[in-house]
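For clarity, every value in this text was computed on a predicted model and none was experimentally measured. Quick note: numbers below take in every heavy atom, side chains included, and nothing from hydrogens, waters or symmetry partners.
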Amino acid sequence: MLLTVRDLTKTFPGTLALDNVRLDLAAGEVHALLGENGAGKSTLIKCLTGVHARDSGHIELDGQPISPTSTHDAQELGIGTVYQEVNLLPNLTVAENLTFGRQPTRLGLVSGRRMRADAEEMLAGYGLDQVNVSRELGSYSVAVQQIVAIARAVALSGKVLILDEPTASLDARETETLFKVVRDLRERGLGIIFISHFLDQVFSLSDRLTVLRNGRHIVTEKTPETNRVELIHHMLGHELVAAEHRHAARKGGANLLSFKGVGRRGKIEPFDLDVRAGEVIGLAGLLGSGRTETADVLFGRTPADQGEATDDAGKLNLSTPRTAIAEGFGYAPEDRKTDGIVADLSVRENIALAFQARRGWANPIPQAEQKRLAEDYIRKLDIRTSSAEKAVGDLSGGNQQKVVLARWLAMNPRFLILDEPTRGIDVGAHAEILKLIGELTDQGMSILLISSEFDELIAASDRIIVVRDRHHVSQLVGEEIDTDRIINAIAARDDAERAMS
Amino acid sequence: MTPRLRRLAPQLLTLIAVIALVTAYFPSFLSVELSDGRLVGSAIDVLKRGAPVALLAVGMTLVIATRGIDLSVGAVMAICGAASAWAITSGYGLAPALAIGLGAGVLCGLWNGLLVAVFGIQPIVATLILMVGGRGIAQMITEGRILTFSHEGFAFFGAGNVLAVPTPIVIWICTGIAFGLLVRRTALGLLIESIGINRPASALAGVNARVLLIAVYVASGLCAAIAGIIVTADIRGADANNVGLWLELDAILAVVIGGTSLLGGRFSIAASLLGALIIQTIDTGILLAGFPSEFNLVIKAGLVVVILVLQSPKLSPQLSRRLKRARGTGAPRDPKEATE
Amino acid sequence: MNKLMLSAAFAALSTGATAQTIGFSQIGSESGWRAAETTVTRQEAEERGIDLRFSDAQQRQENQIAAIRSFVAQGVDAILLAPVVATGWDSVLEEAQEAEIPVVLLDRRVDSSEDLYLTAVGSDLVHEGEVAGQWLADNKPEGECRVVELQGTTGSSPAIDRATGFRNALEGNDEIEIVRSQTGDFTRSGGKEVMESFLQAEGGGDNICALYAHNDDMAIGAIQAIKEAGIDPGDDILIVSIDAVPDIFLAMAEGDANATVELTPNMAGPAFDALEAYMADGTEPEKFIQTESALYTQDDDPMAEYEARKDLGY
């Protein structure tokens with residue numbers, strides 16, 4: 001094996017990002033790395049390229065143990081990386097970009113002629129004959145820039161090439177050009193780690209693939225021996241014991257909210273949705289398919305540009321989070337760290353924040369009341385913190401999530417959106433949050449639950465809406481709810497496309 | 001120690017150290033006497049001369065807490081000083097002149113706030129516009145000359161006394177207390193800190209970041225207006241070319257010495273005011289010590305470096321641990337230990 | 001352009017040598033003194049019946065070069081130039097020379113060869129300091145005199161030269177001692193703040209016999225500080241400064257200031273005189289014409305001086 005990773009573990013304050021992960025990469029192999037957000041792909045890459053130091057585990061390159069301390073160090077060892085956004089300098093020439101940091105010198109001065117010659121040599125074999133190395137890199141297309149970045153990485157490193165979503169901003173023809181380059185490099189004996197969300201590309205390019213989920217290694221397989229449905233299973237996961245379905249709790253309460261033709265151009269196609277009091281609506285789909293986008297539109301974070309929302313009393317104003325909150329909505333977003341907690345504020349202040357914002361600045365919640373509120377939820381949700389005055393940033397992921405939940409529960413909303421409420425938190429907290437969802441609906445609160453984990457969705461939801469390609473494509477109710485149906489609905493696109501072609 | 005005292009401890013200790021240093025060079029630094037019904041002494045001069053930077057620091061603290069910065073305050077001082085001096089010389093009387101000066105400050109703050117909050121321009125760029133252009137506006141008001149006036153009522157704000165205390169001291173202390181109460185007795189402080197630490201999360205929690213941002217820049221403009229009026233009243237003339245020149249940098253420095261991070265978040269107005277006093281003590285101390293003027297800036301920079309290094313996060317935990325050990329209270333609990 | 005040149009030439013022919021056209025390239029209006037210089041130059045031209053073509057360069061050399069080229073093209077009789085910087089004038093001055101148009105420099109000098117301009121009119125900063133020092137030496141009270149000095153912006157040439165001149169004049173005078181020297185940045189507030197610290201440092205001001213300020217604005221600020229300390233400026237502490245801006249005459253009229261040395265804004269008067277002589281019979285003036293550094297005291301009817309200056313744009 002060219003590259004061997006064993007038992008790699010990495011923790012961040014409050015999160016276990018990688019849990020005994022393994023990975024093998026052979027020379028002359030394209031190995032796809034798959035997983036949803038937060039699965040641990042980027043942490044793994046960062047450990048390989050020296051951005052993060054690992055807590056424990058082994059990395060071997062050509063049989064030698066390595067511990068890169070910086071990207072530069074990793075390059076010297078032979079591991080080069082090309083990111084989705086080209087990290088070269090667009091206002092320098094192609095030649096300068098290729099030779100940057102090791103320009104050929106003559107008499108202590110950079111030799112332009114030799115630099116250009118070196119650059120042309122480096123680009124040879126990449127099918128970029130029409131590229132003039134003396135022109136600015138920025139004057140070429142993203143695909144060409146991407147290939148120049150690859151050429152640089154290969155020339156500098158030469159053993160392992162990591163491509164982190166290289167095709168995200170390329171069109172089909174450009175992608176094909178890039179793939180040709182990647183296949184050539186495979187022929188030349190490089191080991192290539194390929195990260196992409198596009199399953200088609202994974203199937204067309206990779207020899208083997210590895211799936212990560214929640215920081216754990218799920219499976220490594222030869223690509224031809226698997227299929228799309230299996231992969232989705234692996235990525236979205238259903239390894240918890242098949243949880244009990246909530247048929248009993250479905251009591252068909254009164255209609256609470258109704259959304260008609262609500263959508264936003266470029267985010268989510270218009271959809272209809274009726275929400276009954278006390279029900280849990282699950283939202284299933286792959287990353288980028290329109291899950292979070294639906295939540296953002298409902299909460300006014302990226303307000304709808306069409307359709308309308310109503311309740312008994314009439315039209316709802318959902319143009320900003322503030323107005324949505326005023327309509328009795330709450331939203332615990334997917335990315336807890338950047339959009340949920342306010343890290344340097346205390347647990348007490350975080351819990352009181354939404355309530356305080358609703359009351360207005362001139363009407364402060366008295367300290368004593370804030371304290372009571374915080375203590376109350378610390379007890380109810382079993383938030384593990386030494387005190388209500390501790391900064392939320394110092395808590396573990398699960399407890400941070402509970403603080404965000406407490407913030408909304410303090411508002412007593414009628415409609416609560418939970419986007420991946422259990423991601424990256426330990427099993428115990430996971431179960432507690434699911435239990436809480438049940439209790440809240442019993443009290444009449446309606447919940448929109450977004451999750452990558454089917455078992456969780458199946459266990460908690462009264463009905464499940466499947467999103468694909470920014471459309472709400474189907475709804476599963478009652479007996480229809482099971483893993484296979486969900487996966488088939490998500491994977492359907494592939495079949496439809498095949499049928500068309 | 002109460003939490004508040006603990007927060008202010010580094011600044012208080014620094015101020016005491018700087019005062020001790022100055023007193024070593026100039027023994028009568030702290031002596032204050034009553035003469036002709038007013039307090040006289042170097043310490044009084046520090047409090048009085050520190051008024052502009054202290055006032056600017058109050059507004060700047062709020063702006064910096066939102067992760068912004070206001071480079072325009074020096075120019076706003078010039079505009080407001082010029083506007084009120086113009087009103088006085090045109091015979092509008094005291095109250096209208098003050099209203100015009102303060103109003104000009106509010107307008108300047110509103111302009112900055114709109115650029116930052118509504119148009120999304122980076123604060124450093126948005127306020128740079130007024131920093132450069134504002135002095136020009138002030139020069140247009142004064143027609144390029146020093147607009148001199150003789151109006152005892154107006155001069156009172158710069159050179160008068162309230163119960164033997166120079167008016168500027170009374171003004172900046174009252175302003176500091178007023179803003180301190182405003183942000184801590186209402187929820188403004190919490191909301192400002194929350195948008196400074198994490199604006200997207202705060203917006204999702206329903207915090208009206210746009211209005212708050214505009215409000216802090218208006219507050220900064222208002223503080224700059226008060227400072228501009230004090231300086232103008234003090235010299236009985238509006239000197240558009242020089243009023244508040246480079247003071248924005250001293251104000252930022254005061255906030256930094258006060259321990260508020262330029263990355264926004266937790267702030268303390270009291271600590272920034274102590275920072276302003278530290279800077280002014282250094283300035284006045286240099287003047288009193290009688291060094292040649294070529295050394296002024298080097299000495300000031302040297303002392304500031306020492307202060308900031310001593311307060312740096314890398315050094316201060318070790319320092320405080322050593323201090324506590326010396327006091328025999330045992331090693332403090334590492335905050336990390338408490339993490340589960 | 002041709003038409004313009006023709007008409008200019010025609011005008012020169014028809015009215016004879018008395019009605020001259022002179023171009024004036026001014027730096028800008030960055031200070032009150034600069035504005036006064038512009039006003040005075042216009043007044044002087046008007047009195048002499050000179051047609052003054054004025055161009056404001058707004059602190060930019062390229063604007064000045066363009067203005068001089070345009071004056072040359074217009075065929076003016078002479079050019080006044082207040083140069084914004086010292087270097088980079090050779091080629092444009094040569095162009096003027098080829099067109100046989102004399103150039104007179106005002107206020108500041110250039111690095112070009114002396115052949116390229118007729119003369120330069122300016123003040124001698126060292127001499128200004130000497131005049132101030134001499135006045136103090138002549139007017140100080142009996143006995144020892146401790147002087148405090150408010151310097152201009154550290155490192156600026158007026159600050160250096162005015163300090164030097166003052167010391168030159170006091171050399172050998174054992175009774176006068178400069179005890180404190182600190183920059184007030186040429187500003188009123190700077191002067192006031194530094195003066196306050198001087199007063200504190202010198203026993204509340206009892207030990208100070210005189211103040212020398214490098215400009216009037218600092219002196220005006222210092223006068224306020226002295227008054228607020230309960231001391232009588234102009235009496236208990238003598239005040240001498242430089243520039244002769246209008247406000248210092250008000251202070252003199254009230255007895256708060258004692259003397260000021262004029263940095264005259266009238267650079268154009270001597271320049272026009274030199275040009276007149278040169279054109280009449282080719283008299284080559286000296287290469288540097290030093291303006292008078294006149295001394296004004298409380299005896300010189302300060303209110304009248306104030307009235308005469310207050311509308312010059314200071």
Side-chain angles (χ1 to χ4, degrees), chain A residues 13-14 296 299-301 320-326 329-333 335-346 348-365 367 370 383-387 389-396 398-399 404 407-408 411 417, chain B residues 2-4 6-7 62 64-67 117-118 179 181-216 218-219 259-268 313 333-340:
Chain A
D296 285 350
F299 197 65
R301 189 189 195 186
T320 67
R322 282 174 61 75
T323 56
I325 291 168
F329 284 33
Y331 181 22
D335 194 329
R336 201 160 48 224
K337 281 220 178 341
T338 61
D339 300 331
I341 60 165
V342 183
D344 292 349
L345 291 188
S346 67
R348 166 178 61 80
E349 289 165 319
N350 265 282
I351 291 176
L353 186 61
F355 193 27
Q356 180 61 68
R358 180 89 186 94
R359 284 170 62 134
W361 64 268
N363 191 6
I365 309 170
Q367 288 278 330
Q370 290 185 30
I383 299 171
R384 270 156 243 162
T385 173
S386 52
S387 111
E389 298 308 315
K390 189 161 168 175
V392 159
D394 292 340
L395 302 189
S396 73
N399 286 310
V404 175
R407 176 190 295 164
W408 292 115
M411 302 285 290
I417 304 168
Chain B
T2 67
R4 173 165 302 174
R6 196 175 312 145
R7 168 70 180 81
L62 300 180
I64 285 179
T66 66
R67 198 177 270 226
V118 178
F179 274 92
L181 290 178
L182 181 67
V183 296
R184 293 304 176 196
R185 288 293 153 87
T186 70
L188 272 179
L190 171 67
L191 299 178
I192 286 171
E193 287 176 342
S194 94
I195 62 170
I197 297 166
N198 192 338
R199 192 169 162 191
S202 307
L204 276 184
V207 179
N208 197 340
R210 185 172 286 188
V211 167
L212 281 171
L213 279 177
I214 293 176
V216 296
V218 168
T260 298
S261 164
L262 287 181
L263 294 177
R266 295 291 194 190
F267 68 86
S268 163
R333 260 180 76 186
D334 189 321
K336 288 268 156 48
E337 285 172 17
T339 316
E340 40 157 346

inquiry  = Checking the side chain of A:Asp339 only, and the main-chain atoms of B:Ala201 only, is there a donor and an acceptor separated by less than 3.5 Å?
reply    = no

ask   = Taking B:Ser202, B:Ala187, B:Gly265 one by one, which has the highest count of heavy-atom pairs under 4.5 Å against chain A?
value = B:Ala187

task = Please look at A:Phe355 and chain B and tell me whether the side chain, the backbone, both or neither of the residue comes under 4.5 angstrom of a heavy atom of that chain.
result = neither

task = Find the one option among B:Ala205, B:Ala203, B:Gly196 whose heavy-atom pairs under 4.5 Å with chain A are most numerous.
result = B:Ala205

query = Picking from A:Ala362, A:Pro364, A:Gly360, A:Ser387, which has the most non-hydrogen pairs under 4.5 angstrom with chain B?
reply = A:Pro364

Choice from B:Ile197, B:Val207, B:Asn198, B:Leu204 maximising heavy atom contacts with chain A below 4.5 Å = B:Leu204

ask   = Are any of the side-chain heavy atoms of A:Thr385 and A:Val392 separated by less than 4.5 Å?
value = no

inquiry  = Taking the side chain as everything from C-beta on, heavy atoms only, tell me whether B:Asn208 gets closer than 4.5 Å to A:Trp361.
reply    = no

task = Could you tell me whether a side-chain N or O of A:Arg348 sits under 3.5 Å from a main-chain N or O of A:Glu389, the two making a donor and an acceptor?
result = no

key: Neighbour count >12 (heavy atoms, 6.0 Å) for atom CZ, A:Arg359   = yes

inquiry  = Can you see whether A:Phe329 has A:Arg358 sitting over its ring - NZ or CZ less than 6.0 Å from the centre and within 45° of the normal?
reply    = no

ask   = Is it the backbone or the side chain of A:Ile325 that comes under 4.5 Å from a heavy atom of chain B, or both, or neither?
value = side chain

remark   = Here the gap from A:Gln370 atom CD to A:Leu353 atom CG, rounded to the nearest 0.5 Å, amounts to 10.0 Å

task = Identify which part of A:Ile341 has an atom lying under 4.5 Å from any heavy atom of chain B, answering side chain, backbone, both or neither.
result = backbone

ask   = Considering only heavy atoms, which portion of B:Leu182 lies under 4.5 Å from any heavy atom of chain A: side chain, backbone, both, or neither?
value = side chain

remark   = Looking only at A:Thr338, A:Asn350, A:Asp335, A:Thr323, most heavy-atom pairs under 4.5 Å shared with chain B are made by A:Thr338

request  = Heavy-atom distances under 4.5 Å only: say whether B:Arg185 touches chain A with side chain, backbone, both or neither.
outcome  = backbone

